[in-house]
Chemist: 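Take a look at this one; I'll ask things after.
Only a predicted model underlies this, so the values are computations on that prediction, with no experimental measurement involved. Remember, it's 1-based here, ligands and their atoms both numbered in the order they're listed.
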Amino acid sequence: MKNQVLKLLRQEEGFVSGQELCERFQVSRTAVWKMIHQLKEEGYEIEAVKNRGYHLVSVPDLVTEPEILSCLHTRFMGQNCVYFAETDSTNTQIRRLAEEGAPDGTLAVADFQTAGKGRRGRGWTSRAGEDIFMSLLLRPQMNPANASMLTLVMGLSAARACQEILLEKGCQEQIQIKWPNDLVWQGKKLCGILTEMSAEVEAIQYLAVGIGINVNGQKFPPEIAEKATSLCMALGQPLRRAQVIARVLYYFEQDYETFLQTEDLSGLVKDYTERLVNLKRQVQVMDPKGAYTGIARGINSRGELLVEQEGKMRQVYAGEVSVRGVYGYV
Ligand code: BTN
């Protein structure tokens, strides 16, 4: 109910009367007062005026369940939301929740991760209260061989969401995708995605799609300081993380549905390719069978990077290789 009260206060520019809250949620005046008091304790600034009611003046930057749910405009994605002030890894928590029977679209979100996981066995650092660490539980009925493409779907959805937010705040510069799924702004990494799967030979049990977005952080550990950035650094002002989360989930729900129709990226290739940072540029493909360079020409409907080498088009599968620009990270 707290999230519904918050949603109502958010929608109303003026005051919402105590009477309306009581009637709408079928609770006593004391219960309403207690909830408003709780919200104030959590950092929400709420003006209370006799005979007029309550007015939401300002909202803290929280990623708690009521804050996220009150921002969310999705049908099912994130509607079951589990918040951790601190946890090892939201991907690990999603796996646990999945084993316990949590529904499709469940979101695990943390303010701080003590053992964040990155791709290729690397870690993912975090500082409390600054960035987004979240994972989605998906239970698609499809061939496990197609699951890795969902990482690209999430990359595209996150790019759409972050781009729209930057544009709304007056920043025109494009957010790009470094294949397969890093988001970059001015050549620096803004976001990373890690998908983990539990499957049998022919059926997926569940997927954990984890995404880390640098939102308000401005100082990074020395080993990544040169190649990392955040939305706040792009904009020159902080953002509320719950709004970014809600926007990412909004786009992901749509892109996920498009993906499921064909179980491939054919409906998303165009939008993805437009954002590709290395498009028409020279890249270095770090293939274990031998590195080579070529020109990136886009992706195909399987999410493979198309690299033109000596007039021949090679299809690069993300699982096997990494791709870099010839001059460094992008
Ligand atoms: C990468 O290496 O680029 C992928 C990083 C993925 C990090 C996110 S943060 C939320 C989720 N939980 C994790 O432990 N990892 C992912």
Side-chain angles (χ1 to χ4, degrees), residues 63 68 77-78 81-98 102 105-138 147-159 161-162 175-185 187-198 206-217 220-221 223-231 241-242 244-245 248-249 252 277-278 286 303 305 318-319 321-325 328-330:
V63 289
I68 290 175
M77 211 56 89
C81 172
V82 185
Y83 165 72
F84 301 90
E86 179 180 320
T87 190
D88 45 5
S89 148
T90 53
N91 267 33
T92 307
Q93 291 305 329
I94 277 295
R95 300 183 78 129
R96 182 184 59 77
L97 289 162
T106 293
L107 175 74
V109 54
D111 215 26
F112 180 60
Q113 290 188 135
T114 53
K117 295 186 275 188
R119 292 177 72 222
R120 299 173 189 279
R122 288 189 284 253
W124 186 260
T125 54
S126 87
R127 260 184 310 233
E130 291 188 341
D131 300 318
I132 290 174
F133 313 103
M134 67 175 186
S135 305
L136 275 171
L137 166 61
L138 301 177
S148 63
M149 283 184 263
L150 278 166
T151 313
L152 281 79
V153 178
M154 178 54 97
L156 174 62
S157 312
C162 293
I175 290 189
Q176 295 177 299
I177 303 173
K178 177 179 179 285
W179 181 86
N181 49 37
D182 287 356
L183 296 198
V184 297
W185 187 80
K188 292 186 172 189
K189 181 161 169 170
L190 198 59
C191 154
I193 299 162
L194 174 71
T195 300
E196 295 177 290
M197 173 166 69
S198 170
Y206 61 82
L207 294 166
V209 182
I211 170 162
I213 310 177
N214 300 333
V215 181
N216 292 325
F220 299 96
E223 62 281 11
I224 56 167
E226 282 294 299
K227 62 169 199 175
T229 190
S230 67
L231 289 173
R241 290 169 294 162
V244 180
I245 292 174
V248 171
L249 297 187
F252 184 68
V277 69
N278 283 315
M286 312 303 282
L305 185 70
V321 298
S322 72
V323 168
R324 304 193 190 130
Y329 170 61
V330 292

Chemist: Of all residues at least two apart in sequence or in a different chain, which pass the ring pair (Phe, Tyr, Trp, His ring centres under 6.0 Å) check with F252?
Modeler: Y256
Chemist: A quick test of your reading: do over 12 heavy atoms of other residues, nucleotides or ligands sit less than 6.0 Å from CD of E223?
Modeler: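 Yes, CD of E223 has more than 12 neighbouring heavy atoms, counting only those of other groups under 6.0 Å.
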Chemist: Got V153 and V209 here, is their nearest side-chain heavy-atom distance under 4.5 Å?
Modeler: no
Chemist: Ligand 1: which protein N/O atoms lie under 3.5 Å from its N/O atoms?
Modeler:
unit_1	atom_1	unit_2	atom_2	d
ligand 1	2 (O)	R119	N	2.7
ligand 1	3 (O)	K189	NZ	2.7
ligand 1	12 (N)	T90	OG1	3.1
ligand 1	12 (N)	Q113	OE1	2.9
ligand 1	14 (O)	S89	OG	2.8
ligand 1	14 (O)	K117	N	2.7
ligand 1	15 (N)	K117	O	2.7

Chemist: Can you tell me if N214 and E130 form a side-chain donor-acceptor pair at under 3.5 Å?
Modeler: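 No pair is found: no donor N or O on one side chain lies under 3.5 Å from an acceptor on the other.
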Chemist: N91: what forms a side chain to side chain donor-acceptor pair (under 3.5 Å) with it, not counting sequence neighbours?
Modeler: S135, E196
Chemist: List the residues meeting salt bridge (Lys or Arg N to Asp or Glu O under 4.0 Å) with R122, not counting sequence neighbours, and say none if there are none.
Modeler: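 Residues passing salt bridge (Lys or Arg N to Asp or Glu O under 4.0 Å) with R122: none at all.
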